[in-house]
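These numbers come from a predicted model, not from an experiment.
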Amino acid sequence: MNLSKDLMAASSTPIVLGVIAEGETYGYEIVKRVEQLSGGILTWTDGMMYPLLHRLEKQGYLVARWRLADSGRKRKYYAITDLGQQAILEQRQQWQVINNALNTLWNNPYDFQPA
């Protein structure tokens, strides 16, 4: 299945914030977690992930720090901020409205009355 670029773009922020809210992590782990959560359907690239992480950091939703991994390699780890937690709550409410509307429409097609 190929998801539209618009849907991928719209969902990337709440997904990434949700993954990072699970605990401090780095880019490659986020990519793997998203793939796992989607059953392998969402396969994000570095070119998509890192600009998003940098944007979320600039918005104050994330903080980043360099740390040595167990392998001895330096990695940039991301953690969610209070502002990021607030953004997750707002995103969740927005997505629930969209999800409820689509579920109602698709599960009860004859209840839909166009204006």
Side-chain angles (χ1 to χ4, degrees):
M1 167 189 310
N2 286 332
L3 297 178
S4 75
K5 288 183 180 184
D6 290 338
L7 187 57
M8 291 283 285
S11 62
S12 61
T13 293
I15 291 172
V16 168
L17 289 176
V19 168
I20 296 172
E22 293 177 332
E24 187 179 59
T25 187
Y26 58 95
Y28 180 75
E29 276 188 338
I30 297 168
V31 168
K32 289 299 168 194
R33 180 70 174 129
V34 168
E35 190 173 335
Q36 175 193 30
L37 289 168
S38 70
I41 294 172
L42 296 176
T43 53
W44 291 352
T45 63
D46 291 350
M48 181 260 170
M49 175 57 55
Y50 289 102
L52 174 61
L53 289 170
H54 295 150
R55 180 174 53 82
L56 295 174
E57 188 179 5
K58 283 182 183 177
Q59 290 175 310
Y61 296 162
L62 303 176
V63 291
R65 66 184 178 106
W66 289 98
R67 220 172 74 187
L68 280 180
D70 294 337
S71 65
R73 185 175 164 190
K74 276 180 73 173
R75 289 196 175 118
K76 194 173 190 179
Y77 282 77
Y78 296 88
I80 196 147
T81 64
D82 290 342
L83 189 59
Q85 289 285 2
Q86 183 180 342
I88 288 174
L89 294 175
E90 292 169 5
Q91 291 271 330
R92 180 180 293 148
Q93 290 171 343
Q94 292 172 20
W95 279 94
Q96 285 173 339
V97 169
I98 299 299
N99 187 52
N100 290 341
L102 289 172
N103 280 331
T104 299
L105 180 63
W106 291 337
N107 291 323
N108 302 301
Y110 300 105
D111 290 346
F112 179 67
Q113 300 290 324

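The neighbour count for Asp82 CG, taken as heavy atoms of other residues, nucleotides or ligands under 6.0 Å away, does not exceed 12. Around CZ of Arg92, the count of heavy atoms belonging to other residues, nucleotides or ligands within 6.0 Å does not exceed 12.
Contact of the Thr13 side chain with the Arg55 side chain is registered, since non-hydrogen atoms from C-beta on lie closer than 4.5 Å. Considering only heavy atoms from C-beta on, Arg73 stays 4.5 Å or farther from Leu68 through its side chain. Counting only heavy atoms from C-beta outward, the side chains of Trp44 and Ile15 approach each other to under 4.5 Å.
In this structure, the separation between OH on Tyr78 and OG1 on Thr25 is 10.5 Å, given to the nearest 0.5 Å. Met48 CE to Leu42 CG: the interatomic distance, rounded to the nearest 0.5 Å, is 8.5 Å. Note that CD1 of Ile98 and CG of Asn103 are 11.5 Å apart. Values are rounded to the nearest 0.5 Å.
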Step-by-step side-chain contact (heavy atoms from CB on, under 4.5 Å) determination, Leu89 to Gln86 = CA-CA 5 Å; Leu89 294 175; Gln86 183 180 342; 5.6 Å; no

What do the steps show when you test Met49 against Val16 for side-chain contact (heavy atoms from CB on, under 4.5 Å), and what is the final call?
-> CA-CA 9 Å; Met49 175 57 55; Val16 168; 4.0 Å; yes

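Taking the six-membered ring where tryptophan is involved, the planes of Tyr28 and Tyr26 are essentially parallel, since the angle between them stays under 30° and well short of 60°.
Contact between Leu7 and Leu3 at its shortest, heavy atoms only, is CD2-CD2, 4.4 Å. Taking every heavy atom of both residues into account, Ile88 and Gly18 meet most closely at CD1-N, 4.2 Å. Closest approach of Gly27 to Tyr50, counting heavy atoms only: CA-OH, 3.4 Å. The two residues Ile80 and Leu17 have their closest heavy-atom pair at CD1-O, 3.7 Å.
Between Glu22 and Arg33 there is a salt bridge, with a side-chain nitrogen of the basic residue lying less than 4.0 Å from a carboxylate oxygen of the acidic one. At a threshold of 4.0 Å, the pair Glu35-Lys32 counts as salt-bridged, since one of the basic side-chain nitrogens sits closer than that to a carboxylate oxygen.
In the hydrophobic clustering of ILVMFWY residues, with side-chain heavy atoms under 4.5 Å counting as a link, Val19 and Ile41 come out together.
In this structure, the side chain of Asn99 does not engage the main chain of Trp95 through any donor-acceptor pair within 3.5 Å.
When each of Lys76, Arg75, Glu24 is checked for a side-chain contact (heavy atoms from CB on, under 4.5 Å) with Arg65, only Glu24 meets the rule.
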